[in-house]
There are 2 protein chains.
Amino acid sequence: MSRRSGILEFAVLGLLRESPMHGYELRKRLNTSLGVFRAFSYGSLYPCLKTLVQQGWLIEESGNPPEDPLAAPLSGRRAKIVYRLTAEGKEHFEELLAQTGPDAWEDEHFGIRFAFFGQTSRDVRVRVLEGRRSRLEERLAKMRASLARTRERLDDYTLELQRHGMESVEREVRWLNELIESERAGRDRRPEAPEERRPEETGGQPRHREGTPPDPSDDTN
Amino acid sequence: MSRRSGILEFAVLGLLRESPMHGYELRKRLNTSLGVFRAFSYGSLYPCLKTLVQQGWLIEESGNPPEDPLAAPLSGRRAKIVYRLTAEGKEHFEELLAQTGPDAWEDEHFGIRFAFFGQTSRDVRVRVLEGRRSRLEERLAKMRASLARTRERLDDYTLELQRHGMESVEREVRWLNELIESERAGRDRRPEAPEERRPEETGGQPRHREGTPPDPSDDTN
DNA sequence: TTCGTCATGTAATGGGTTACATGATTAC
DNA sequence: GTAATCATGTAACCCATTACATGACGAA
């Protein structure tokens with residue numbers, strides 16, 4: 001069961017667009033690189049992969065193609081299944097990337113949308129960031145109103161919880177402001193850019209500090 | 001369908017402990033007073049109420065008991081159903097309040113646990129806060145490790161997302177530190193307090209600024 | 001009289017998890 | 001040779017949502 005996944009489907013297509021992978025690896029990337037937000041389990045991933053194959057957006061390939069000696073291709077030997085995005089899949093993912101419906105900035109979707117901003121056009125990026133911001137501002141307004149009405153009825157802990165919640169939202173708004181400003185600055189530097197400029201266009205943040213050597217050990221679930 | 005709700009069940013019992021209410025009102029309080037976290041719908045609330053009645057933790061009472069003139073108690077007139085906590089329900093809720101399993105500090109549960117800290121013993125409060133803190137610190141460690149390993153493979157947006165995520169978690173840790181300190185200070189001020197001191201014991205935060213007059217208008221869904 | 005909001009519910013569905021079952025490969 | 005981890009899956013369940021159906025009550 002479980003057709004029409006939405007967020008998981010989106011993430012899978014997005015990761016596979018970067019490079020083909022098998023399910024196990026996909027899940028790890030889902031929970032680390034893109035992680036923090038959600039942790040998907042095999043029980044949702046594999047069925048999702050199956051339906052994506054049925055849609056024609058992925059194809060399954062055997063992990064060890066012909067370069068395997070002692071070929072015993074039939075019988076035994078469970079091969080890794082590597083999933084690769086088809087042309088249709090790529091096209092479909094690009095449609096999804098271009099969408100700016102209200103879904104795009106709800107809590108569950110926003111994070112994953114942001115994670116693929118590297119593949120998203122600046123127009124869409126800005127719209128999603130602004131949508132998110134006004135969503136949060138609505139929320140703030142409601143919280144403030146509710147707080148004003150009920151303040152004296154609430155105990156200190158409930159109050160503290162709401163205060164902390166509001167501060168968190170305010171903080172995200174400030175973050176969005178910076179990002180939006182940064183995107184706009186990027187646009188202004190390149191006036192009337194003729195829409196096409198596929199890679200190397202990521203507008204914003206020049207982070208990257210050095211330190212901390214690579215270390216092994218991984219994975220929870 | 002839908003037995004064993006967990007978080008919804010907990011919240012309902014907790015709100016009804018403060019005063020009896022009918023379903024509609026209960027849902028509003030769920031989404032404002034305790035809100036921010038989740039928004040429950042009638043489709044989950046009413047079935048939940050029903051099972052709680054079956055357990056014997058709630059009883060249903062008619063909303064307009066005898067003080068209604070022109071009594072037409074049977075036929076027509078859909079009465080409000082007011083739910084009241086039974087003695088068993090109260091006892092059960094207190095057991096739930098006392099629990100400090102790892103569940104208590106997971107994302108989904110922590111907020112609601114905190115919301116009822118006013119009814120929770122200080123011991124339990126501290127344990128839950130500390131549990132939450134160490135949970136977040138684990139998470140931070142994992143994020144840092146993962147970031148160190150994958151930094152150069154990630155684009156600026158993914159990096160920025162992770163950075164913001166980590167800062168959020170760090171911020172919550174600092175918040176928890178303050179709360180824990182505040183709880184400990186409360187205990188030290190009252191050495192060997194003999195365990196009983198029912199109300200007015202809320203340990204921590206003397207917030208409360210004035211301003212903003214009461215205003216009507218409410219509710220989303 | 002119609003609209004908004006109060007008020008209670010059910011059926012179908014959704015999107016995911018847990019637990020289970022199975023087996024290959026690698027490191028010690 | 002055995003434990004850890006890699007790797008793929010299924011079935012049963014969970015907790016909630018959406019959409020729907022129903023109807024009372026107050027105010028414009």
Side-chain angles (χ1 to χ4, degrees), chain A residues 1-12 21-31 37-53 58 60-64 68 70 72 75-83 103 106-109 112 216-221, chain B residues 1-12 21-31 37-53 58 60-64 68 70 72 75-83 103 106-109 112 216-221:
Chain A
M1 295 69 192
S2 101
R3 306 281 109 86
R4 303 281 77 202
S5 193
I7 155 172
L8 179 52
E9 171 183 312
F10 184 83
V12 165
M21 264 179 283
H22 55 267
Y24 191 87
E25 195 184 346
L26 206 40
R27 176 176 172 273
K28 275 217 303 206
R29 305 257 336 243
L30 237 30
N31 299 323
F37 326 108
R38 316 199 46 140
F40 293 102
S41 62
Y42 298 122
S44 34
L45 177 57
Y46 284 115
C48 172
L49 284 169
K50 195 170 285 188
T51 73
L52 292 180
V53 168
L58 305 183
E60 302 180 345
E61 298 175 342
S62 76
N64 35 7
D68 183 46
L70 304 172
S75 90
R77 211 87 221 286
R78 168 137 66 160
K80 283 203 253 191
I81 300 173
V82 172
Y83 294 90
D103 278 6
E106 290 304 313
D107 289 332
E108 332 81 79
H109 293 70
I112 207 75
S217 94
D218 199 322
D219 204 66
T220 313
N221 319 37
Chain B
M1 295 69 194
S2 100
R3 305 284 108 85
R4 303 284 74 203
S5 194
I7 154 170
L8 179 52
E9 171 184 312
F10 184 82
V12 166
M21 265 179 281
H22 55 265
Y24 191 86
E25 196 184 346
L26 207 40
R27 176 175 172 275
K28 274 219 301 209
R29 305 256 336 242
L30 238 31
N31 298 324
F37 325 108
R38 318 199 44 142
F40 293 102
S41 62
Y42 297 122
S44 32
L45 177 58
Y46 283 115
C48 173
L49 285 169
K50 195 170 283 188
T51 73
L52 292 180
V53 168
L58 305 183
E60 304 181 343
E61 298 176 342
S62 77
N64 35 6
D68 184 44
L70 304 173
S75 93
R77 208 92 220 284
R78 168 137 67 162
K80 283 202 253 191
I81 299 173
V82 173
Y83 294 90
D103 278 6
E106 290 304 314
D107 290 332
E108 331 82 80
H109 293 70
I112 205 74
S217 95
D218 199 320
D219 203 66
T220 313
N221 321 35

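Within every chain, numbering begins at 1; the chains are lettered A, B, ... in the order of the sequence lines, protein sequences first and strands thereafter.
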* Nearest heavy-atom pair of B:Leu8 and B:Ser44: which atoms, and what distance? ->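 Answer, listing the atom of B:Leu8 first, then B:Ser44: CD2-O, 3.6 Å.
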* For A:Pro47 against A:Gly43, the heavy-atom pair lying closest together ->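 Minimum heavy-atom separation between A:Pro47 and A:Gly43: CG-O, 3.2 Å.
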* Asked: If you look at every strand shown and take non-hydrogen atoms under 4.0 Å, does A:Phe10 touch a base, only sugar-phosphate, or nothing?
  ->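 Touches nothing.
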Taking only side-chain N and O atoms of [X], does any of them lie within less than 4.0 angstrom of OP1 or OP2 on [N]?
X: A:Lys50; N: D:dT10; value: yes
X: A:Ser44; N: C:dG15; value: no
X: B:Tyr24; N: C:dC6; value: yes

Closest nucleotide among [options] to the [X] side chain:
X: B:Phe40; options: D:dT17, C:dC6, C:dG16; result: D:dT17
X: A:Ile7; options: C:dT18, C:dG16, D:dT18; result: C:dG16
X: A:Pro47; options: D:dT10, D:dG9, C:dG9; result: D:dT10
X: A:Ile81; options: D:dT18, C:dG16, D:dT8; result: D:dT8

Just the rounded figure in Å: distance from [atom2] of [N] to [atom1] of [X].
X: B:Glu25; N: C:dA7; atom1: CD; atom2: C1'; result: 12 Å
X: B:Asp103; N: D:dC15; atom1: CG; atom2: P; result: 11 Å
X: A:Glu9; N: C:dG14; atom1: CD; atom2: P; result: 13 Å
X: A:Tyr46; N: D:dA11; atom1: OH; atom2: P; result: 16 Å
X: B:Lys80; N: D:dG26; atom1: NZ; atom2: C1'; result: 13 Å
X: B:Asn31; N: D:dA16; atom1: CG; atom2: C1'; result: 13 Å
X: B:Leu45; N: D:dT17; atom1: CG; atom2: C1'; result: 13 Å
X: B:Glu108; N: D:dA16; atom1: CD; atom2: P; result: 10 Å

* **First encountered from the 5' end of DNA chain C, between A:Ser41 and B:Tyr83** =>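 Residue closer to the 5' terminus by nearest nucleotide: B:Tyr83.
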* Can you pull out how bent the helix from C:dT1-D:dA28 to C:dC28-D:dG1 is, comparing the axes over its first five and last five pairs, to 10°? =>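 One end's axis against the other's: 30°.
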Once you round to the nearest 0.5 Å, how far does [atom1] of [X] lie from [atom2] of [Y]?
X: B:Leu49; Y: B:His22; atom1: CG; atom2: NE2; result: 11.5 Å
X: A:Glu60; Y: A:Ile81; atom1: CD; atom2: CD1; result: 5.0 Å
X: A:Glu9; Y: A:Ile112; atom1: CD; atom2: CD1; result: 12.0 Å
X: B:Ile7; Y: B:Phe40; atom1: CD1; atom2: CZ; result: 4.5 Å

* Asked: Got a sec, which residues hit ring pair (Phe, Tyr, Trp, His ring centres under 6.0 Å) with B:Tyr46, two or more places apart in sequence or on another chain?
  ->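 By the ring pair (Phe, Tyr, Trp, His ring centres under 6.0 Å) rule, B:Tyr46 matches B:Tyr42.
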